[in-house]
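Note on naming: letters A, B, ... go to the chains in the order of the sequence lines (proteins, then strands), and numbering restarts at 1 for each one.
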Amino acid sequence: MSSPESNVQQPPYEPKIIGFLCNWCSYAGADLAGTSRLSYPPNIRIVRVQCSGRVSPELVLKAFHEGADGVIVLGCHIGDCHYIDGNHRTSKRIPMLRQLLAYAGIEPDRLRLEWVSAAEGERFATIVKEFTETVRELGPIKRVMVTG
Amino acid sequence: MEYRNVPTICTYCGTGCGLLLEVLDGQVVGTYPDYAHPVSEGHLCIKGWNAGAFVHHPDRLTKPLFRKGNDFVEVSWDEALERVAGELKRIRDQYGPDAIGLFGSAKATNEANYLMQKLARAVIGTNNIDHCARLCHAPSVAGLAMTFGSGAMTNSIPELENSRCILVTGSNTTEGHPIIGARIMRAKERGATLIVVDPRDIQLARFADFHLRQRPGTDVAWINGMIHVILREGLENKEFIATRTENFDALWEVVKEYPPERVEQITGIPADQLAAAARAYARAESAAIVYAMGITQHTTGTDNVVSLANLAMVTGQIGRPSTGVNPLRGQNNVQGACDVGALPNVYPGYQSVTDEKVRQKFLEAWGAAPPARAGFTVTEMVDLAGVGAIRALYIMGENPLLSDPNIHHAREALERIEFLVVQDIFLSETAQFAHVVLPAASFAETSGTFTATDRRVQLVRQAIPPIGESREDWQIICEIARRLGTPAGPYGKFDYAGTAEIMDEIAALTPIYGGISHRRLEELGFLQWPCRTPDDPGTPILHTEQFTRGLGRFQPVHYRDPAELTDKEYPFILTTGRVMFHWHTGTMTRRSPKLHKEVPEGYVEINPLDAERLQIGKSERIRLVSRRGAVETKAWITRRVAPGVVFMPFHFAEAAANVLTNAALDPVAKIPEYKVCAVRIEKITEVERPEKLVAARAGAS
Amino acid sequence: MLEALRKKIQEIMPQVDGVIALRRVGKGTAPHLFLPGDDLSELALSPQFPLPTPVRIIQAKYPDKRFAVVVRGCDERQLVEMAKRRQIFLDKLTMIGVACTKEQAEYCRCEMPFPKQVDIGETVEGIPQTFLDDFLAKPREERLAFWKHAFAKCIKCYGCRNICPECFCKECVLEDNLWVTSGTVPPPFPMFHLIRAMHTVGKCVACGECERTCPADIPLTILYKLLKRDVETVFHYYAGADPNEPPLMDSTIFLADMDMLHPPRR
Ligand code: SF4
Ligand code: SF4
Ligand code: FES
């Protein structure tokens, strides 16, 4: 671990983003973005999950804890979930987690939830671009996580 | 169908928290905190919350065992007791009473320990009775007796939170005594100045106003340095020194040689910080010193304690609420075991065995008493067993094989001994060497009292009947005593209707416990000794009007190097200690699933700088070598330890820190130097680990 | 009140196999199962001690017996949430409702110091939760510093989890080295505490027992109560209100409105 001061000498900040993408819609959407040669920032590392409902709060918090500057959760549109109501859970869990982050003093905008279907390659690229910029503005998570 | 909660006292540390054992149909199914308890106030640490978890463990001993070759066979109680009594009698007759040694237990009740020492003294006729207090706080008892006249914690735990300044040293309080640690944090939140003197970056250090990281083993130097600053700047309490103490003149003679700059060279503590901390301590309205085994487990243990006492006296930070010198006793009842005389040099209530008047008193009371000469200590008894001078040992609830500073040596001694009886709840490493193993009841299955570190005597209540055929400690001792033949004095009998009756006997013979009875405890919740008469409310703060010995005595001491210094071959200082989640030799905690899960195996903490230099990776298995032995364990790379220092918890049999530690003893208190020894770190190379090579090859093919 | 409770229990006792209530032990109180014919002289009402966990433990062993239990508002709501998750069985349970006194409500900072059906005591008003807004008035950095300081005091006793009636999982993620590094005190920020906070969502009835048993004086209920308030205002889910409603996470309530997903935050 390095102290906050030593960050000064480090290379310029590039946000690290973890994306949890559901297998059935959003991952296919990302795929489409790839095959359609849409450009989106390389900052996102994608973790494929069976359903956005699989993304437990532990997973998100762990990602932050291990140094992710932002976490984005993408799932099927409501009504399209492969497991019928998996994303109903997501739609309750992730907003609540955003609230909790805010209460705990961590910028909630480091966490984002969106619905992306298999056909929405472009939408995927746009969301990732936007989110990367948001997280870039927020700065490194280290500032938040490093304990005194 | 029966469901109830039984209030009792935690069996782990000396804090003495109150807890409720949740009992459903004779099974302990859970633990709750006791919200009405004066010390814990509804709080518990993880050990307390899991205090009932080992009670029904399948490994519990439920029948007496005889050793047959390398195995044990179950026998009846009658057979076992006959054999124990028979052998003890034979050895006493053949070699004399001093060929027998007894270990009381800091885990057992006051009542059981009292009977154990009575068995040794009145029935067998020897003062060879001791327990593991030797291994933790003998220097406190010796050092504080010399200076104040009483070896116990001077103040009470609840007072700490009102202290204006707390100096914590040699105690990782939030892990060793968590609920006291929480109180210290509370004091800090209320605006107290917190001074932590500890080589490791412990949790309390994060909240400290001053964190002074001394080189292990240099405590006398920094304490003398603080006194130096205080005297040089005229911050001493002149009135207190003049009216309450003696031998002050000798103090300056010694401490004048410890200006902070020199202390910095010895200890590594920056001179200005030491001075600032000394000022904060001296100027505070009330300042308390809290320490534990980091102070005592040294060859200079007694010197360290005495120096702390000097510091408290020079500033008058003693004898008032929220001040004092406060040793935190490790075990739940180490204080009590000492109080009721499970020590080789004193009868119950610290009445010296060499004082002929005292001997007469017990001779009359019991009808028999050993000669007026001190017996041997646990460490000595193990040594003597090795050379055949001690022929029989009767060990109640202790595990000297793992806790002795030099394990190899202890193992040899126990292998050699003619007759070894171990009375315990599990087949401990020591019990495996026993000729006879007696199954004892755990704290949940017995009644009596524990005395917490702040001299607080509290009731232990039986929640369930003993597991299997196990029996309560006090009953087993009585059976053995009766078979050996009990003396004829008015208090000579070993025949009690219950533990309340034993406490009445203790009260009759032990002035500091004179006013304590189970009935009063039931009514009042607790009593703090000295409590001399049935209407004495007890004593939360010692030395208020005058010291126990009259005037407090300054005992200036010079700094001496630890017995073992680092050199080229052994460049690291190894220090040992406790982690929050385990207890001592781990016999109970490692059988409590939730505790075991937290820290399933031993490890050694290494500073990242050292790890990098030696190219040791995260969790890599390494070997630690001292002049006495070697252990393999896992590296934990953390800045909690300073460079050049490594730390190892002592709870794990397979990575036993005490294979490495130094058995060199403190000359006064005879405590071994657990806290400092020199080691080197070796990488375990691939060649030495065939299994890994095989695995690698298998992977490659 | 105690006398009235004693009468009520005597009245109910013939219809049940036992009554789970508080009993005076030592200097305080503890849960106890009173059986028909038992002496009720040691029956107690306060200081409070949560009773839902004993109900779970006793019902698990005696699923066919019928018990009565003395409940405060929070006890009742907890039992309802537990019943939704099959931890206790309401059809075998008779509740004797006790309304808390004003002092008790103030001590607990309780919003709803009474159960649905009050058998004993006079209902008093809930305490307004203004301290939550006071907390939210702090700027974000201050909130972060506040929790970092508070959580650094944690001694990982697990008391907050152990005392919580809604924490009944056999395998707890807090004990899993994967999520919360084992054997380190304090647990690394923010894993232990924020995970636990998330796991209270939709279950927590804000009884405050976690905070009461916390040796480190960490004001845990600020977090939990803030989340509870959101669950109520955003999802209209009131923990413990209706045993026939599914648990929040299982329910078909969802947020389709994307604005709700990204409420503006400082
Ligand atoms: S602090 Fe000590 S006495 Fe209290 S619960 Fe923990 S181990 Fe038991
Ligand atoms: S009760 Fe407090 S100290 Fe114990 S684990 Fe919970 S937050 Fe930490
Ligand atoms: S499968 Fe895509 S959200 Fe459930």
Side-chain angles (χ1 to χ4, degrees), chain A residues 1 52-53 55-66 72-73 75-81 84-116 127 130-131 134 138 141-148, chain C residues 132 135-136 138-149 151-152 173-174 176 178-181 186 188-202 222-227 229-231 234-235 237 248-258 260-266:
Chain A
M1 274 201 294
S52 69
V55 183
S56 63
E58 296 90 90
L59 273 170
V60 176
L61 290 168
K62 177 89 171 175
F64 285 131
H65 184 61
E66 300 284 309
I72 187 162
V73 180
C76 312
H77 286 274
I78 296 287
D80 293 346
C81 172
I84 298 159
D85 57 2
N87 56 5
H88 291 186
R89 286 161 192 257
T90 322
S91 83
K92 284 169 275 194
R93 195 177 274 144
I94 301 299
M96 286 309 290
L97 184 49
R98 277 174 51 90
Q99 297 293 85
L100 176 62
L101 291 178
Y103 299 147
I106 302 169
E107 303 92 338
D109 291 342
R110 292 184 183 277
L111 172 61
R112 181 159 183 172
L113 168 64
E114 291 291 348
W115 311 133
V116 171
I127 288 173
E130 256 178 50
F131 187 58
T134 311
L138 290 172
I141 189 84
K142 254 194 190 146
R143 268 195 228 142
V144 179
M145 291 295 158
V146 166
T147 29
Chain C
L132 295 181
F135 174 78
L136 283 183
K138 288 183 208 272
R140 185 187 63 77
E141 282 81 8
E142 226 172 274
R143 294 200 293 264
L144 180 64
F146 178 88
W147 290 116
K148 273 191 173 175
H149 174 81
F151 293 154
V173 293
L174 299 179
D176 191 334
L178 180 62
W179 307 119
V180 184
T181 321
F189 181 84
M191 297 306 280
F192 186 100
H193 298 96
L194 295 200
I195 292 176
R196 183 166 145 70
M198 270 311 283
H199 285 209
T200 67
V201 168
I222 293 185
L223 275 190
Y224 304 164
K225 282 189 173 180
L226 281 167
L227 293 174
R229 193 161 78 173
D230 288 340
V231 168
V234 180
F235 302 115
Y237 183 90
L248 173 66
M249 279 299 154
D250 287 355
S251 72
T252 48
I253 308 169
F254 62 85
L255 278 182
D257 178 359
M258 295 309 283
M260 292 295 265
L261 299 184
H262 299 289
R265 283 270 149 232
R266 271 170 292 174

- Task: Go through the atoms of A/Leu59 and report whether side chain, backbone, both or neither lie under 4.5 Å from a heavy atom of chain C.
- Result: both
- Message: Tell me whether the rings of C/Phe189 and C/Phe151 are parallel (<30°), tilted (30 to 60°) or perpendicular (>60°).
- Response: tilted
- Message: Assess the residue pair C/Asp230 and C/Tyr237 against the criterion (side chain to side chain donor-acceptor pair (under 3.5 Å)); give the C-alpha distance rounded to whole Å, side-chain angles, the decisive distance to 0.1 Å, and a yes or no.
- Response: CA-CA 9 Å; C/Asp230 288 340; C/Tyr237 183 90; over 6 Å; no
- Item | Residue C/Val180 versus chain A: region with a heavy atom under 4.5 Å | neither
- Heaviest contributor of heavy-atom pairs below 4.5 Å to chain C, chosen from A/Leu97, A/Leu101, A/Asp85, is A/Leu97
- Message: The criterion is side-chain hydrogen bond (donor to acceptor under 3.5 Å, both in side chains); which residues satisfy it with A/His65, sequence neighbours excluded?
- Response: none
- Query: Can you check whether A/Pro108's main-chain N or O pairs, donor with acceptor, with A/Arg98's side chain at less than 3.5 Å?
  - Reply: yes
- Item | Pick from C/Leu178, C/Leu226, C/Val201, C/Ile195 with the largest number of heavy-atom pairs that fall under 4.5 Å of chain A | C/Leu226
- Query: For C/Glu142 and C/Arg140, what are the C-alpha separation, side-chain angles and deciding distance, and is it a salt bridge (Lys or Arg N to Asp or Glu O under 4.0 Å)?
  - Reply: CA-CA 5 Å; C/Glu142 226 172 274; C/Arg140 185 187 63 77; over 6 Å; no
- Message: Let's test your reading of the structure: which of C/Val173, C/Ile222, C/Asp176 forms the most heavy-atom pairs below 4.5 Å with chain A?
- Response: C/Val173
- Note on the structure: If you tally heavy-atom pairs under 4.5 Å between each of C/Leu223, C/Leu194, C/Leu248 and chain A, the highest tally belongs to C/Leu194
- Query: Taking the side chain as C-beta and beyond, is there a heavy-atom pair between C/Met198 and A/Arg93 under 4.5 Å?
  - Reply: yes
- Applying a strict 4.5 Å limit to non-hydrogen atoms, the region of C/His199 in contact with chain A is side chain
- Message: Less than 4.5 Å to any heavy atom of chain A: does that hold for the side chain of C/Phe135, its backbone, both, or neither?
- Response: side chain
